[in-house]
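Single-structure report; data block below.
Numbering of residues begins at 1 and proceeds along the displayed sequence. Excluded from the calculations below are hydrogen atoms, water molecules and symmetry mates; all remaining heavy atoms, backbone and side chain alike, are included.
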Amino acid sequence: MRDGKEQKQQQKIGVIGGGLMGHGIAYLFAAAGHPVGLFEPSADIRASLPKRLQALVGLFGDDAALLQRIETHDQMAPAMRDTKFVFEAAPEKLPLKQQIFAELEAVVAPDTILASNSSAIPSTEIGRHLTHRERVVGTHFWNPPHLVPLVEVIQNEKTSDAVLRATMDVLRDAGKVPVHVRRDIPGFVGNRLQHAMKREAFALVAAGVCDAETVDTVVKEGFGARTAVLGPMEQSDLVGLDLALDIAEVLYEHLDRTAHAPDVLREKLKAGKLGMKSGEGLRKWGPGEADKVRARLSQFLVDQAKARKAKA
Ligand SMILES: NC(=O)c1ccc[n+]([C@@H]2O[C@H](COP(=O)([O-])OP(=O)(O)OC[C@H]3O[C@@H](n4cnc5c(N)ncnc54)[C@H](O)[C@@H]3O)[C@@H](O)[C@H]2O)c1
């Protein structure tokens, strides 16, 4: 070992589930030099993994040899052998995740850190019945996890400070941007911000103020154009808190406060309008249009990831 960083990078990482999130998480740790043990119970998903991982090699222009660091297993115990961290990316069902964590506790060392990638289920609940609850932590990656830098690291009431620090470190060393979320609350930070905006967007369209296309244009061509380099707190400081207060005093009482899921979503579902996959959702998607949006997003994220890698 040359230095502390290299030593850390040799720590074996376990990944539970090789689906959409799991294969990306396995890839990013392997690309950072870690041996990875991946447990995936579905034979079909296991069979699809080499092709999906190979596609990521192509995306980044990486050396395909890094894939040799990923071992895939149909059983949990051999995949998790000697792991220092386990990232769970199994389906979003509490009883399943609780069962997985109970099985994990039986096969890993007592100090192996157990992290859940749940989008919404508190890790407090996932780890509730474990003996060593101090090593359970939430790590909310964003899709696709190999391209979006942010990982919210959620400290629940039992997570030790040492576990929090080690988790932040291993993610940072792998090139991610981890942030510390101090309370295990629904939606953590990112999804609360995202959904506060969506609630207002649904309300504006429902009230006939503008159509769905206009909402997207306002975000992408307006404040969204600067959001990647200027967060809302920085922006408030930039314009001055005197102006921020004046605006809040006039505006906040008019913002939507609906405390349930928007009616428009139920209505659309009833009509079979599920979005791009059914050709219509909040907007209409003609032939090829949805694919163009997907390609645009993918290209943008890849360009950003490559630019970050080049700078690092
Ligand atoms: N998809 C997203 O955008 C996204 C974003 C952030 C977080 N998440 C969270 O990540 C987790 C995984 O989501 P996903 O989109 O990758 O789902 P997915 O369905 O693509 O993958 C889940 C994988 O887990 C496997 N699996 C099923 N039972 C298992 C078990 N008992 N043990 C191990 N693996 C098992 C499945 O075969 C499948 O391959 C969920 O908790 C989800 O909420 C998803």
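Hydrophobic clustering keeps Phe188 apart from Ile121 (ILVMFWY residues linked when any side-chain heavy atoms are closer than 4.5 Å, directly or through intermediates). In this structure, Val151 is not a member of the same hydrophobic cluster as Val136, with clusters built from ILVMFWY side-chain heavy atoms closer than 4.5 Å. Hydrophobic clustering (ILVMFWY, side-chain heavy atoms < 4.5 Å, transitive): Phe87 and Leu49 are in one cluster. Placement of Val15 and Leu104 in two distinct hydrophobic clusters is found when ILVMFWY residues are connected by side-chain heavy-atom separations under 4.5 Å, directly or transitively. The same ILVMFWY cluster, assembled from side-chain heavy atoms under 4.5 Å apart, contains both Phe141 and Met168.
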Which is it for Ile16 and Met76 under the side chain to side chain contact (heavy atoms under 4.5 Å, CB included) test, yes or no, and what are the steps along the way? CA-CA 8 Å; Ile16 302 287; Met76 179 188 286; 4.2 Å; yes

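Formation of a donor-acceptor pair under 3.5 Å by the Ser116 side chain with backbone atoms of Ser123 is not found in this model. Formation of a donor-acceptor pair under 3.5 Å by the His73 side chain with backbone atoms of Phe39 is not found in this model. A donor-acceptor contact shorter than 3.5 Å links the side chain of Arg257 to the backbone of Glu253. Judged purely by atom type and a 3.5 angstrom limit, Lys268 has no side-chain atom pairing as donor or acceptor with the backbone of Lys273.
For the side chain to side chain donor-acceptor pair (under 3.5 Å) condition, the pairs that include at least one residue of residues 37-50, sequence neighbours left out, are Ser48-Arg52. Under the side chain to side chain donor-acceptor pair (under 3.5 Å) criterion, no residue pair touches residues 233-251, with sequence neighbours excluded.
With a 4.5 Å cut-off on side-chain heavy atoms, His34 and Val170 count as touching. Under the 4.5 Å side-chain criterion, counting only non-hydrogen atoms from C-beta, His140 is in contact with Asn191. The side-chain heavy atoms of Ile25 and Thr139, taken from C-beta on, include no pair separated by under 4.5 Å. Contact of the Leu38 side chain with the His23 side chain is not registered, since no non-hydrogen atoms from C-beta on lie closer than 4.5 Å. In this structure, Phe300 and Gln304 have side chains that are in contact, with non-hydrogen atoms separated by less than 4.5 Å. A 4.5 Å side-chain heavy-atom check between Pro186 and Arg192 finds at least one atom pair inside the cut-off. When side chains are defined from C-beta on, Val153 does not count as touching Val179, because their heavy atoms never get closer than 4.5 Å.
The shortest non-hydrogen separation linking Ile45 to Gly19 is CG2-N, 4.4 Å. Ser278 approaches Gly272 most closely through the heavy-atom pair OG-O, 3.4 Å. Scanning all heavy atoms of the two residues, the minimum distance from Met80 to Val107 falls at CB-CG2, 4.2 Å. Between Thr83 and Gly14, the shortest heavy-atom contact is CG2-N, 3.5 Å. Shortest non-hydrogen contact noted between His132 and Pro110 is NE2-CB, 3.7 Å. Val36 approaches Ala30 most closely through the heavy-atom pair CG2-N, 3.8 Å.
Atom CZ of Arg81 and atom NZ of Lys12 lie 7.5 Å apart (nearest 0.5 Å). A distance of 12.0 Å separates CD of Glu152 from NE2 of His180, quoted to the nearest 0.5 Å. The line from CD1 of Ile126 to CZ of Arg133 is 11.5 Å long, rounded to the nearest 0.5 Å. Separation of atoms CG (Leu269) and CG (Leu274) is listed at 5.5 Å; rounding is to 0.5 Å. In this structure, CE on Met276 lies 9.5 Å from CG on Asp291, to the nearest 0.5 angstrom. The structure places CD of Glu71 at 13.0 Å from CZ of Arg69, a figure rounded to the nearest 0.5 Å.
Under the salt bridge (charged side-chain N to carboxylate O under 4.0 Å, His left out) criterion, Lys292 pairs with no residue at all, not counting sequence neighbours. The side-chain contact (heavy atoms from CB on, under 4.5 Å) check on Asp263 picks up His260, Glu267, with sequence neighbours excluded. Residues passing the side-chain contact (heavy atoms from CB on, under 4.5 Å) test with Asn143, sequence neighbours excluded: Leu20, Met21, Pro145.
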Result block: side-chain N/O donor-acceptor pairs under 3.5 angstrom for residues 53-62, not counting sequence neighbours:
{"residue": "Asp62", "atom": "OD1", "partner": "Lys309", "partner atom": "NZ", "Å": "2.9"}
{"residue": "Asp62", "atom": "OD2", "partner": "Tyr27", "partner atom": "OH", "Å": "2.7"}

Output side-chain donor-acceptor pairs under 3.5 Å for residues 92-103, partner residues at least two apart or in another chain, one line each.
{"residue": "Glu92", "atom": "OE1", "partner": "Ser118", "partner atom": "OG", "Å": "3.2"}
{"residue": "Glu92", "atom": "OE2", "partner": "Ser118", "partner atom": "OG", "Å": "2.9"}
{"residue": "Glu92", "atom": "OE2", "partner": "Ser119", "partner atom": "N", "Å": "3.2"}
{"residue": "Glu92", "atom": "OE2", "partner": "Ala120", "partner atom": "N", "Å": "2.9"}
{"residue": "Lys97", "atom": "NZ", "partner": "Glu88", "partner atom": "OE1", "Å": "3.4"}
{"residue": "Lys97", "atom": "NZ", "partner": "Glu88", "partner atom": "OE2", "Å": "2.4"}
{"residue": "Lys97", "atom": "NZ", "partner": "Ala90", "partner atom": "O", "Å": "2.9"}
{"residue": "Gln98", "atom": "NE2", "partner": "Glu125", "partner atom": "O", "Å": "2.9"}
{"residue": "Gln99", "atom": "NE2", "partner": "Glu103", "partner atom": "OE2", "Å": "2.8"}

Return a table of donor-acceptor pairs under 3.5 angstrom between the side chains of residues 215-231 and protein atoms on other chains or two or more places apart.
{"residue": "Asp216", "atom": "OD2", "partner": "Arg283", "partner atom": "NH1", "Å": "2.6"}
{"residue": "Thr217", "atom": "OG1", "partner": "Glu213", "partner atom": "O", "Å": "3.1"}
{"residue": "Thr227", "atom": "OG1", "partner": "Phe223", "partner atom": "O", "Å": "2.7"}

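Leu241 belongs to no hydrophobic cluster, as no Ile, Leu, Val, Met, Phe, Trp or Tyr side chain comes under 4.5 Å of its own. Through direct or relayed side-chain contacts under 4.5 Å between Ile, Leu, Val, Met, Phe, Trp and Tyr, Leu265 connects to Phe202, Val264, Leu282. Tyr252 forms part of a hydrophobic cluster together with Val239, Leu243, Ile247, Leu251, Leu255, judged by ILVMFWY side-chain heavy-atom separations under 4.5 Å. Through side-chain heavy atoms spaced under 4.5 Å, either directly or across other Ile, Leu, Val, Met, Phe, Trp or Tyr residues, Val209 is tied to Leu204.
No close placement of the Phe85 and Phe29 rings is indicated, their centers lying 6.0 Å or farther apart.
Tested against Asp184, the residues Thr124, Thr159, Asn156 include a single side chain to side chain donor-acceptor pair (under 3.5 Å) partner, Thr124.
With respect to Asp169 and Arg172, a salt bridge is recorded, a charged nitrogen being found less than 4.0 Å from a carboxylate O.
Counting heavy atoms of neighbouring residues, nucleotides and ligands inside a 6.0 Å radius, atom CZ of Arg308 exceeds 12 of them.
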